[in-house]
Amino acid sequence: MLFTITYTGENPTDLGYLLHKNPARPQSADLSFGRVHVFYPETGPERCTAALLLDMDPLDLVRGRRASGGIFDYVNDRPYVCSSFMCTAISGVYGTAMSGRCAKKQELADTPLDLSASLFMLPCRGGVILPELLFEPLGYEVQVEESALLDEQFPEWGSGPYINLTIRGRVRLRDLLNHIYVLIPVFDRQKHYWIGEGEVDKLLDHGKGWLEDHPEKDLIARRYFKNLRSLARSALDRLDNGEWAGEALPPGNDEPETTGRPRLNTLRLEAVFNVIKKSGAGSVIDLGCGEGNLLRLLMKEKTFTRVTGVDVSRTALEHARDKLKIDRLPEAQQKRISLFQGSVSYRDKRFRAYDAAALVEVIEHLDENRLDTLEALILGDARPGTLVVTTPNIEYNEIYGISRFRHGDHRFEWNRARFQSWAGEAARRYGYEASFEGIGEADENLGAPAQMAVFVRVETPGSGPRSLPCA
Ligand code: SAH
């Protein structure tokens, strides 16, 4: 599948700066469903074209996921057409350009330029009027090339349901990319990943500044969500109320989309579970347990005789209670688990006497200047034998095309160096040793999407007295 962008201007190769891809150096990267290549077929004095080629392996699409058992798993148009896979590739490869950042040529990134873009083999079952309906209101000139007749012997069958689409306009590059990112799925409605409420946030984030005024916004929302009316309604309500997401992704939806591989959430919980199990712990406290996903895993393992969840949010605890079906557990099981409301910002005797503790995606919800207190409370006062802390790796946000934080309530997100220096320092201060691991598929330069620190206690008590707030 091919997607090209052409810039006609004074220094056309500036396109390389804007896309953060060097015109002199073709680049390739592995995605979970294939390989993506970026190269420049044309770098003349008047025009420069960047091409994104997505080379999908049809077998990769089936591998590692529960197949439906039908022939469709193996014989389908997915590897050959512009679909949501292309959107994933675009946000992966051009994520920074989509956010509009360009350290070297910010002014150019902020300026409408003469750009054109072509998408090859775009499914267009809504009739050829769809490209005009979608792109003309955004100021583009639209050119459509229909595919050949399905069978020359039977011209009445018409042409195939795919088009090559070229749009031309004077737009900022970020706008062009966001238009395409949102509108490809409007043409091709088969999303390769699960569509949940987080998808509404994504639509609003990428549609910011143009979708609310688009005359076809109803059609866009309906088709974007594959006619899942409740999500389309929620998107339209939020559009009409002028609310913008991206600032407020729900927890756990920080990875944009998965492709048959386990979600980052699952990988994270498994990583934490494995560390705790390997530590030999019998009792575990999950601090900031949310809806209890880690607790559920821990409860399945008999070696954990005491499992406790703590959260500052009563609603989260109620959800956890429901999800874990605590009231319906046999008595022996009920004795193993307990939940209570509490805050990791206040000293609490109930945090003490656990072999292991977890802080999974919690620290980034606290103000950075509260972390000293957190360290003192957990490492200094509660002193579990093992503490596992996970947090997003902000470097990876570039791949997600997220320009700031992954969630509206995050007070900070750290790169690997910052996280490791914080954890290393805290460990030294309180007699622990810290080690680090990435969680999720790592990028060569940006690391893994999530990062984990494992603190193992090496000294018994003795972190001198401190004056701390008390619950
Ligand atoms: N650990 C869970 C939830 C992560 S979301 C998981 O991985 O699924 C962050 C959670 O931290 C939320 O449930 C939030 O209510 C909780 N939280 C935020 N500040 C807290 C504090 N000061 N003390 C305890 N929990 C807190």
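Read the numbers this way: they start at 1 and go in the same order the structure lists the ligands and their atoms. Counting from 1, the numbers follow the sequence of the chain as shown. Only heavy atoms go into these numbers, but all of them, side chains included; no hydrogens, no water, no symmetry mates. This one's a predicted model, so the numbers in the text were calculated from it and none came from an experiment.
For ligand 1, the atoms sitting less than 4.0 Å from at least one non-hydrogen atom of Cys289 are 2 (C), numbered in the order shown with element in parentheses. Interface of Glu361 with ligand 1, defined as ligand atoms under 4.0 Å from a residue heavy atom, comprises 4 (C), 5 (S), 9 (C). Those atoms of ligand 1 with a heavy atom of Gly342 less than 4.0 angstrom away are 23 (N), 24 (C). Per-residue contacts place Val344 under 4.0 angstrom from the following atoms of ligand 1 (heavy atoms of the residue considered): 21 (C), 22 (N), 23 (N), 24 (C). Near Ser345, the atoms of ligand 1 lying under 4.0 angstrom from a non-hydrogen atom of the residue are 22 (N). Close contacts between ligand 1 and Val360 involve ligand atoms 1 (N), 2 (C), 4 (C), 7 (O) [criterion: under 4.0 Å to a heavy atom]. Numbered from 1 in the order shown, with element, the atoms of ligand 1 that lie under 4.0 Å from a heavy atom of Ser313 read 15 (O). Proximity to His365 (heavy-atom distance under 4.0 Å) selects the following atoms of ligand 1: 5 (S), 9 (C).
Closest to atom 16 (C) of ligand 1 by heavy atom, among Val310, Asn293, Asp311, Thr390, is Asp311.
Between the side chains of Asn415 and Arg418, no donor-acceptor pair of N or O atoms lies under 3.5 Å. In this model, a donor atom of one side chain and an acceptor atom of the other lie less than 3.5 Å apart for Arg306 and Tyr354.
Using a cutoff of 4.0 Å between basic side-chain nitrogens and carboxylate oxygens, Arg35 and Asp55 are not scored as salt-bridged. Salt bridge absent: Glu318 and Arg321 never bring a charged side-chain N and a carboxylate O closer than 4.0 Å. Between Lys349 and Asp381 no salt bridge is recorded (no basic side-chain N to carboxylate O distance below 4.0 Å).
By the 30° and 60° cut-offs, the orientation of the rings of Trp210 relative to His179 is perpendicular.
Close N/O approach between Ala316 and ligand 1 is not found [any backbone or side-chain N/O within under 3.5 Å].
Contacts with ligand 1 closer than 4.0 Å are made by no heavy atom of Asp286, backbone or side chain.
Under the side-chain hydrogen bond (donor to acceptor under 3.5 Å, both in side chains) criterion, Asp327 pairs with no residue, sequence neighbours left out. With sequence neighbours excluded, no residue satisfies side-chain hydrogen bond (donor to acceptor under 3.5 Å, both in side chains) with Gln451.
No heavy atom of Ala358 sits closer than 4.0 Å to any atom of ligand 1.
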